[in-house]
A.B. asks: 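Take a look at the following structure, please.
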Amino acid sequence: MNIPFCDLARVYEARKTIIDEAVHRVLASGKYILGEEGKAFEQEFATFLGGGFAAGCANGTEAITLALWALGLKPGQKVIVPALTAVPTAAAVVLAGGIPVFADVDINTGLLDPAALDPNILKSVTGIIAVHLFGQTCDMRALKQLATDHKLWLLEDCAQAHGATQHSKIAGTFGDIAAFSFYPTKNLGAFGDAGLVYSTNEDLIEQVHKLRNYGESSRFNNEIYGINSRLDEMQAAILRGRLPSLARDNKRRQQLARIYLEILQYSNVESLDILPGNEHVYHLFVVRHPQRDRLMEELAAEGIGTSIHYPLPVPAQPAYRKYGYAPGKYPAADQLCREIFSLPLYPELTEEEIAMVGEILIRKAEELNNSNT
Ligand SMILES: *Cc1c(COP(=O)(O)O)cnc(C)c1O
C-alpha cells in the first residue's frame, strides 16, 4: 500500500485543465503583479465569505502581520496566541513588532480555551488571535464576549478553516479582521505561496492594500511605511479557478472524515471533539493515542503516511522560549503534543483508501494494547 500523508501531484492531476488555463491566461496577459486577476480574486473570495473586503498578499504569515499593523499594533504590545498552533501564527506577531502571550488550549478540541484567558492576562494584551485549528472554528461567542469586555481586537487565523462555519456563520466573519493562507496543502491551495486579509471594515482593508505594497496609496506616493507582500497574478488566477469547487472539496473531506469516525468509534484511538454548532472542514484529521510514536511507525511500515501537528507547543520551541515558557504551564497543549497525530485526508483519496487506513490503524492500536497487558 502507498498512501502518502499528502500528495500535491494528485491535486494538480485532478484539476489540470483549470490550472493550466489559468497559468497560460496570465502568461499571455503581460501583467504579473497587481493586475485584474488579483483584484477579481479579492472580490470573489470576499463574496464567498458573504460580502466585505479583501486584500491579497504573499502568504498567510504576512496576512497576519499586515492585519496586526492595520489594527494599529505598536511595537512591544502583547497579543494572545494559542499555545497549540502552527508556528507562523506566533512568528507573524513577532514580525509585526508584538509580543506573543501564549494561552492554553482545550484538551478535547485543541482550540484556544476561553477559560484559560484569565482577567489578569487579558488586562495586559491589546488583542486575541483565534486560530481555527485543524478545520473548526474556536468558541467565538465566548472569545467575542471576552474581547468586548476587555476592549480588545479579535483577529481570526483562518489558515486551516476556509469555509468552516459555527451556527451557520462562516469563519473569518466573527472578529475585526481575518487572515487566510493559500499554502498548497490548505483547503484552498495555490501552487506556490499566497495569502489574504479579510474584513467587513473597508478602512482596515484599504490600509492593508497600502501596507502590502511599500505603503503606497498611489504610485510613488508613500503615505505610510509598508513592505512588499503582494499576491501575484499567477497564484490569484489559479485560486480563482479553484474557489468555485472549495465547497465541494470541503464536503468531500467531511465525507471521508465520517468514514474514519465510524471506524474509530469502537477502538482505543480517539478523535478530537467538535464544538456544538460547528461545521468542521477537516483541514487535518487528528487522532490521539498514548503510544502515538509506535503507532505512526507501524503505519509507516504499512505504507501509510502520517504527520504530527504539532510535536511541540509553540512556547516550548527554542525560538519562543523567551516568551515565558515553563514546563507544565500549558498542560493541555503539552499532553496533546505528546499524543496527537494526523491521518491522510484530502479530497483526492478514495473511500476505500480511507477505510483501509482506518482499519489498519485500529488493528495496530489493538495489537499495541494487547502487547501492553
Ligand atoms: C499555514 C498556516 C499559517 C501560515 O501560512 P503561510 O502561508 O505558510 O505563511 C498560519 N497559521 C496557521 C494556523 C497555518 O496553518
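Order of listing sets the numbers, starting from 1, for every ligand and every atom in it. For clarity, every value in this text was computed on a predicted model and none was experimentally measured.
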A.B. asks: Side chains of E62 and S229: any donor to acceptor distance under 3.5 Å?
C.D. replies: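 There is such a pair (donor and acceptor under 3.5 Å, judged by atom type) between the side chains of S229 and E62.
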A.B. asks: Is the ring pair F174/H132 parallel, tilted or perpendicular, if the boundaries are 30 and 60 degrees?
C.D. replies: perpendicular
A.B. asks: Hydrogens and angles aside, do R252 and Y282 bring a side-chain donor and acceptor to less than 3.5 Å of each other?
C.D. replies: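 Their side chains do not contain a donor-acceptor pair, so the 3.5 Å distance test is not met.
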A.B. asks: If you count the atoms of ligand 1 from 1 in the order shown, which ones are under 4.0 Å from a heavy atom of V131?
C.D. replies: 13 (C)
A.B. asks: With respect to K186, determine whether any N or O atom, backbone or side chain, lies less than 3.5 Å from an N or O atom of ligand 1.
C.D. replies: yes
A.B. asks: Taking it one step at a time, do F180 and H162 satisfy ring pair (Phe, Tyr, Trp, His ring centres under 6.0 Å)?
C.D. replies: CA-CA 8 Å; F180 287 84; H162 316 71; 5.6 Å; yes
A.B. asks: Any N/O of T61 closer than 3.5 Å to an N/O of ligand 1?
C.D. replies: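 There is such a contact, yes.
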A.B. asks: List the closest protein heavy-atom neighbour of atom 11 (N) of ligand 1: residue, atom name, distance to the nearest 0.1 Å.
C.D. replies: D157 OD2, 2.8 Å
A.B. asks: Please determine if Y310 has a nitrogen or oxygen closer than 3.5 Å to a nitrogen or oxygen of ligand 1.
C.D. replies: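 No, there is no polar N/O contact under 3.5 Å.
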A.B. asks: Does an N or O from T85, backbone or side chain, lie closer than 3.5 Å to an N or O of ligand 1?
C.D. replies: no
A.B. asks: Would you mind listing which atoms of ligand 1 come within a distance below 4.0 Å of any non-hydrogen atom of P88?
C.D. replies: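 Near P88, meaning under 4.0 Å from one of its heavy atoms, ligand 1 has 3 (C), 4 (C), 10 (C).
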A.B. asks: Run F45 and F182 through ring pair (Phe, Tyr, Trp, His ring centres under 6.0 Å) and show every step you take.
C.D. replies: CA-CA 12 Å; F45 197 74; F182 307 111; 5.4 Å; yes
A.B. asks: Does N213 reach the main-chain N or O of E216 with its side chain, forming a donor-acceptor pair under 3.5 Å?
C.D. replies: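 Looks like no, no N/O pair under 3.5 Å.
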A.B. asks: Examine distances only and state if a side-chain atom of H24 and a backbone atom of D20 form a donor-acceptor pair shorter than 3.5 Å.
C.D. replies: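 Between the backbone of D20 and the side chain of H24 there is a qualifying donor-acceptor contact (under 3.5 Å).
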A.B. asks: Can D149 and Q145 be counted as having a side-chain donor-acceptor contact under 3.5 angstrom?
C.D. replies: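 Short answer, yes.
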A.B. asks: Atoms of ligand 1 less than 4.0 Å from G60 heavy atoms?
C.D. replies: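 Those of ligand 1 that fall under 4.0 Å from G60 are 5 (O), 6 (P), 7 (O), 9 (O).
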A.B. asks: So which protein heavy atom does atom 8 (O) of ligand 1 come closest to, and at what separation?
C.D. replies: Y183 CD1, 4.0 Å
A.B. asks: Which of the numbered atoms in ligand 1 are under 4.0 angstrom from any heavy atom belonging to A86?
C.D. replies: 12 (C), 13 (C), 14 (C), 15 (O)
A.B. asks: If you count the atoms of ligand 1 from 1 in the order shown, which ones are under 4.0 Å from a heavy atom of T89?
C.D. replies: 11 (N), 13 (C)
